[in-house]
Amino acid sequence: MYILLMGPPGAGKGTQAANLVKEFSIPHISTGDMFRAAVKEGTELGKKAKACMDEGRLVPDDVTIGIVRERLQKSDCRKGFILDGFPRTVEQADALKSILDELKINLTRVIDISASKDELIERAVGRRICKKCGATYHVKFSPTKKEGVCDACGGETYQRADDSEETMRNRLSVYEQQTKPLIDYYQKAKLYSRIDGSQQIEKVYDDVKKSLDV
Ligand code: ADP
Ligand code: ADP
Ligand code: ZN
């Protein structure tokens, strides 16, 4: 299964990707996670990405396309993958098409998770992530049993610097301008499924699976 997860920031892409990974054992490729890892390691890539991420702007297309190309060429992607948060521009979508053509891979489905602006802001601002294993929680909708401590591994949870209300507003307007045109792009390719992400996490996952016919 070659799945692309689309949707505005905070819609629930990462949460649903984790469900799919558990069930189908295919790699989860999140450009946001890759950039955050590079920032943490202080690599050249991290330096390039940090300023953009802090302001809620997109990292330049050439940089982003480069890391995805490299990742998709690894052998673990041959039997499937979940691409989360890529593509986010038409240029990235065109590049993805040529990378997949070279690899002789056809996308199975493009799943777009939607939610209202107020929900997206509330979700991002309340998001907490485990420093150690990356598990995602929400202070209200998906809290850890013990505050600040990951249920899965006991690691400490933190709030992403770009999950402030102010930066979220920038990210949402970037989404409207640069990413929304991809809806039309994938509708034309007859790969597009829209899912109501304002439902509970389990209900959203039911719809994700329905869209994949599994
Ligand atoms: P994205 O990857 O699209 O930015 P996440 O999966 O990280 O989104 O989810 C954003 C926040 O909202 C997280 O704190 C997550 O726990 C929470 N969340 C995800 N899906 C739902 C849902 N269906 N209902 C309520 N909260 C959700
Ligand atoms: P969310 O889904 O909550 O918006 P991500 O973790 O996917 O968060 O992205 C965080 C940040 O990483 C984005 O605001 C952007 O700066 C950068 N980023 C992630 N994916 C891309 C991409 N495909 N193109 C450009 N920048 C990206
Ligand atoms: Zn953890």
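On a predicted model such as this, the values are computed, not experimentally measured, just so you know. All ligand and atom numbering here is 1-based and tracks the order in the structure.
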Task: Residue, atom name and distance, where the atom is the protein heavy atom closest to atom 21 (C) of ligand 1 - done: Ile201 CG1, 3.4 Å
Open item on the list: Does either side chain, that of Asp118 or that of Ser116, offer a donor lying less than 3.5 Å from an acceptor on the other one?
Closed with: no
Open item on the list: For atom 8 (O) of ligand 1, what's the nearest protein heavy-atom neighbour? Residue, atom name and distance, please.
Closed with: Gly12 N, 3.1 Å
Task: Proximity winner for atom 26 (N) of ligand 2, if only heavy atoms of Leu5, Val59, Asp54 are counted - done: Val59
- [ ] Please lay out, stage by stage, how Lys210 and Asp206 fare under the test salt bridge (Lys or Arg N to Asp or Glu O under 4.0 Å).
- [x] CA-CA 6 Å; Lys210 266 184 218 152; Asp206 284 345; over 6 Å; no
- [ ] Mark yes or no for whether Arg109, through its side chain, and Ile3, through its backbone, hold a donor-acceptor pair below 3.5 Å.
- [x] no
Open item on the list: Is any side-chain heavy atom of His28 closer than 4.5 Å to one of Phe81?
Closed with: no
TODO: Please identify which atoms of ligand 2 are closer than 4.0 Å to at least one heavy atom of Gly10.
DONE: 3 (O)
Open item on the list: Looking only at protein heavy atoms, which one is nearest to atom 15 (C) of ligand 1, and what is the separation?
Closed with: Thr15 OG1, 3.7 Å
Task: Atoms in ligand 2 flagged as close to Arg57, the criterion being non-hydrogen separation under 4.0 Å - done: 15 (C), 16 (O)
Task: Nearest protein heavy atom with distance in Å, relative to atom 2 (O) of ligand 1 - done: Gly14 N, 2.9 Å
TODO: Kindly say whether Leu172 contributes a backbone atom to a donor-acceptor pair with the side chain of Lys117 at under 3.5 angstrom?
DONE: no
Task: Donor-acceptor pair, side chain of Arg123 and main chain of Ala11, under 3.5 angstrom - done: yes
Task: For Thr64, the ligand 2 atoms whose distance to one of its heavy atoms is below 4.0 Å - done: 22 (C), 23 (N), 24 (N), 25 (C)
- [ ] Ignoring angles and geometry beyond distance, decide whether Asp84 reaches within less than 3.5 Å of ligand 2 through its nitrogen or oxygen atoms.
- [x] no
Open item on the list: Closer than 4.0 Å to some heavy atom of Gln200 - which atoms of ligand 1 meet that?
Closed with: 23 (N)
Task: Metal site angle (apex the Zn ion (ligand 3)), SG from Cys153 and SG from Cys130, 10 degrees - done: 100°
TODO: Just jot down the ligand 2 atoms closer than 4.0 angstrom to any heavy atom of Lys13, in number order.
DONE: 2 (O)
- [ ] Let me see the working for Lys97 and Asp94 under salt bridge (Lys or Arg N to Asp or Glu O under 4.0 Å), right down to the final yes or no.
- [x] CA-CA 5 Å; Lys97 188 168 187 325; Asp94 285 337; over 6 Å; no
Task: Selection from Glu91, Arg171, Gln92, Gln178 by shortest heavy-atom distance to atom 24 (N) of ligand 2 - done: Gln92
- [ ] Return the residue, atom name and 0.1 Å-rounded distance of the protein heavy atom closest to atom 23 (N) of ligand 1.
- [x] Gln199 O, 2.8 Å
Open item on the list: Side chains of Thr167 and Asp162: any donor to acceptor distance under 3.5 Å?
Closed with: no
Task: Which residue and heavy atom of the protein sit nearest atom 7 (O) of ligand 1, plus the separation - done: Arg127 NH1, 2.6 Å
Task: For Gly197, the ligand 1 atoms whose distance to one of its heavy atoms is below 4.0 Å - done: 23 (N)
Open item on the list: Under a plain distance cut-off of 3.5 Å, with no hydrogens placed, do Asn106 and Tyr2 share a side-chain donor-acceptor pair?
Closed with: no
TODO: For Phe141, take its heavy atoms, then give the atoms of ligand 1 lying under 4.0 Å from any of them.
DONE: 25 (C), 26 (N)
Task: Protein heavy atom at shortest distance from atom 11 (C) of ligand 1 - done: Arg123 O, 3.5 Å
Open item on the list: Counting only nitrogen or oxygen atoms and a 3.5 angstrom limit, does Ser30 reach ligand 2?
Closed with: no
Task: Pairwise side-chain contact, Thr64 with Leu58, heavy-atom cut-off 4.5 Å (strictly under) - done: no
Open item on the list: Please check whether Pro8 reaches ligand 2 - meaning an N/O of the residue sits under 3.5 Å from an N/O of the ligand, judged on distance alone.
Closed with: no
Task: Gln16 touching ligand 1 at heavy-atom level, < 4.0 angstrom - done: no
Open item on the list: Within the structure, is a non-hydrogen atom of Gly7 found at a distance of less than 4.0 Å from ligand 1?
Closed with: no
TODO: Just jot down the ligand 1 atoms closer than 4.0 angstrom to any heavy atom of Tyr137, in number order.
DONE: 13 (C), 14 (O), 16 (O)
Task: Distance-only donor-acceptor check, side chains Gln199 and Asp207, under 3.5 Å - done: yes
Open item on the list: For atom 4 (O) of ligand 2, what is the closest protein heavy atom, and at what distance to 0.1 Å?
Closed with: Arg88 NH2, 2.8 Å
Task: Salt bridge Glu166-Arg169, side-chain N to carboxylate O under 4.0 Å - done: no
Open item on the list: Between Lys79 and Met1, is there a side-chain heavy-atom distance shorter than 4.5 Å?
Closed with: no
Task: From Lys209 atom NZ to Ile111 atom CD1, the distance as rounded to the nearest 0.5 Å - done: 12.0 Å
TODO: Could you list the atoms of ligand 2 found under 4.0 angstrom from a heavy atom of Arg36?
DONE: 6 (O), 10 (C)
Open item on the list: More than 12 heavy atoms of other residues, nucleotides or ligands under 6.0 Å from CD of Glu70: yes or no?
Closed with: no
